[in-house]
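Below is one structure; the comments refer to it alone.
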Amino acid sequence: MPIARNGPIELYYETFGSTDDPTLMMISGGGGQCIAYDEAWCQRFVDRGLRVLRFDNRDVGLSTHLADAPIGPRGECYLLSDMAADAVAVLDAAGVEAAHVLGRSLGGMIAQQMAIEHPQRVLTIISALANTGEAGYGDASPELVKLFNTPHDGPEATIAWFVAGMRACGSPAFVDDEATAAQQRRQIERCFDPAGAARQAYAMYASGSRADGLRNVRTPTLVIHGDKDTLVNPSGGRRTAELIPGARFELIEGMGHDFPPQLWDRLVDLITQHISTHTT
C-alpha cells in the first residue's frame, strides 16, 4: 500500500485520477480517516479534471499511531505544524510539487498551517468548517460540548455517540442516522483508536492562534462554512476570511458541520471554480 514518511511517521495515502491533472489534496477532520471523503465525492473532482489525493492523518486509519509518545505541558504530543509537515511528506511521496488543498474542520486548520509554513507547496487552499485557533471565534455550542464530553466505550457506543453528535451539528434537513452510522462503522472496522482522535484534539488546542500567520498568507483562499454549524460556529470561517488577504467567504445555507450529498453539486462547483480561477 502507498506510504509516505515524515521521519518516524508513516502516512497511508490514495490517489484517484490522472497524474497529468492538477492535484487536489483532501485533509480529513479530527478523528476522520481518508475514507470520510467518500469515493463518489472524490470522483466528482476527477470528472472535473483533477487528480485527488486523500490520506490518513497521523493517529487515525492506517497511518502511524502515537500511543507511546511523550505528552507535552498542554496534553499534546505533537502540533498542527507537525501535521502540516505530514501533508507535505504525502505530496513528496505522491510526486506532487504543489497542490490545491481542501481541508475540513481540523483538516482546514492543517491546510491553513500549510499555507503559513509551506506556501511553495500550496497552490490554493479551501478551508472548510474551520477556525483560526483564536478564542471567541468558531466556538462550539455549550450543548454540543456537553454531548461530546459524554463518556462512551467500545465500537457500538462510539457509533451511537457519533450519530448523536451529527444529529446535533450536521445539516438539519439532511441528517441521516443510518448513513452516519454506516460511515462510522466502516471507519471503525478499518481502525478503532479513540485515543488517537483525542491526541489530534490536543494538538489543535495546544497549537493556539494562527492569526499572525494567516495575515501573511498570500495563497488564494476560499473559506466555506455552513450557517447551521454548531461545532465550529460560522464566526470561525468569517474570521479566517477576514485575516487572509483577498480570501473569499461562502456561507452555505442549511449546511452544518458536514458535507451532505444533497449539497455536493454546490460545493464541487465552488471548489472547482476557485481552483480554475487560480490555475495558470
Side-chain angles (χ1 to χ4, degrees), residues 6-12 27-37 55-87 103-113 129-135 138-170 180-181 183-210 229-233 236 257-258:
N6 178 22
I9 305 298
E10 295 188 343
L11 303 141
Y12 172 83
I27 309 179
S28 297
Q33 302 176 36
C34 69
I35 60 172
Y37 287 113
F55 69 102
D56 288 331
N57 286 311
R58 61 172 66 192
D59 261 329
V60 298
L62 306 184
S63 292
T64 296
H65 292 243
L66 294 160
D68 298 324
I71 302 300
R74 298 180 64 180
E76 82 284 0
C77 58
Y78 51 86
L79 298 172
L80 291 183
S81 290
D82 300 300
M83 300 184 80
D86 289 345
R104 64 181 182 188
S105 197
L106 176 67
M109 302 171 203
I110 296 169
Q112 294 171 22
Q113 199 71 41
L129 315 178
N131 60 30
T132 62
E134 299 170 277
D139 295 337
S141 70
E143 295 79 12
L144 204 57
V145 170
K146 181 179 179 180
L147 174 63
F148 276 17
N149 286 330
T150 301
H152 53 281
D153 185 29
E156 291 305 316
T158 297
I159 291 170
W161 171 83
F162 192 83
V163 168
M166 290 311 300
R167 194 182 301 135
C169 71
T180 299
Q183 185 199 61
Q184 188 65 10
R185 184 167 281 107
R186 285 194 297 273
Q187 295 201 64
I188 284 175
E189 289 173 350
R190 189 169 179 259
C191 177
F192 182 58
D193 182 10
R199 288 189 291 272
Q200 290 184 345
Y202 282 128
M204 177 183 67
Y205 291 120
S207 294
S209 170
R210 292 176 297 285
D229 190 344
T230 58
L231 181 57
V232 180
N233 183 279
H257 198 76
D258 57 353

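Bear in mind the structure is a predicted one, so any value in this text is a computation, not a measurement.
Every side-chain hydrogen bond (donor to acceptor under 3.5 Å, both in side chains) that Y12 has, sequence neighbours left out, goes to E14. In this view, D229 and H225, H257 satisfy the side-chain hydrogen bond (donor to acceptor under 3.5 Å, both in side chains) rule, not counting sequence neighbours. In terms of the salt bridge (charged side-chain N to carboxylate O under 4.0 Å, His left out) criterion, R74 has no residue partners (sequence neighbours excluded). Partners of E10 under the side-chain hydrogen bond (donor to acceptor under 3.5 Å, both in side chains) rule, at least two apart in sequence or in another chain, are R5. Qualifying side chain to side chain contact (heavy atoms under 4.5 Å, CB included) partners for A197, counting only residues two or more places apart in sequence or in other chains: none. Shown here are the salt bridge (charged side-chain N to carboxylate O under 4.0 Å, His left out) partners of E76, two or more places apart in sequence or in another chain: there are none. D82 pairs by the side chain to side chain contact (heavy atoms under 4.5 Å, CB included) definition with R58, Y78, L79, not counting sequence neighbours. For F148, the ring-ring contact (aromatic ring centres under 6.0 Å, His included) partners at least two apart in sequence or on another chain are W161. With sequence neighbours excluded, the residues satisfying side-chain hydrogen bond (donor to acceptor under 3.5 Å, both in side chains) with R199 are D59, D193. The side chain to side chain contact (heavy atoms under 4.5 Å, CB included) search around A130 returns M109, Q112, S127, not counting sequence neighbours. In this structure, the side chain to side chain contact (heavy atoms under 4.5 Å, CB included) partners of F192, at least two apart in sequence or on a different chain, are P155, T158, I188, P194.
Distance check: C34 SG to R190 CZ gives 4.0 Å after rounding to the nearest 0.5 Å. Once rounded to the nearest 0.5 Å, the distance linking OG of S28 with OH of Y37 reads 5.5 Å. Note: L106 CG to N131 CG = 10.0 Å, rounded to the nearest 0.5 Å. Rounded to the nearest 0.5 Å, atoms CG (D86) and CG (L11) are 4.5 Å apart. In this structure, CG in L129 is found 7.5 Å from CG in D258, a value given to the nearest 0.5 Å. The structure places CZ of R210 at 6.5 Å from CD of Q113, a figure rounded to the nearest 0.5 Å.
The minimum heavy-atom distance between V145 and A140, with the atom names listed, is CG2-CB, 3.8 Å. Residues Q183 and A36 share a closest heavy-atom pair of NE2-O, 3.6 Å. Here the closest heavy-atom approach between residue I71 and residue C77 is recorded as CD1-CB, 4.1 Å. Residues S63 and N57 come closest through the heavy atom pair CB-O, 3.5 Å. Across all their heavy atoms, G32 and V60 have their closest contact at O-CG2, 3.6 Å. Closest non-hydrogen pair, S209 versus E134, comes out as OG-CG, 3.2 Å.
Checked by atom type and distance alone, the side chain of T230 never pairs as donor or acceptor with a backbone atom of S141 at under 3.5 Å. With Q33 contributing its side chain and C191 its backbone, the two residues share a donor-acceptor pair below 3.5 Å.
For residues 139-166, the pairs satisfying salt bridge (Lys or Arg N to Asp or Glu O under 4.0 Å) are E156-R185, with sequence neighbours left out.
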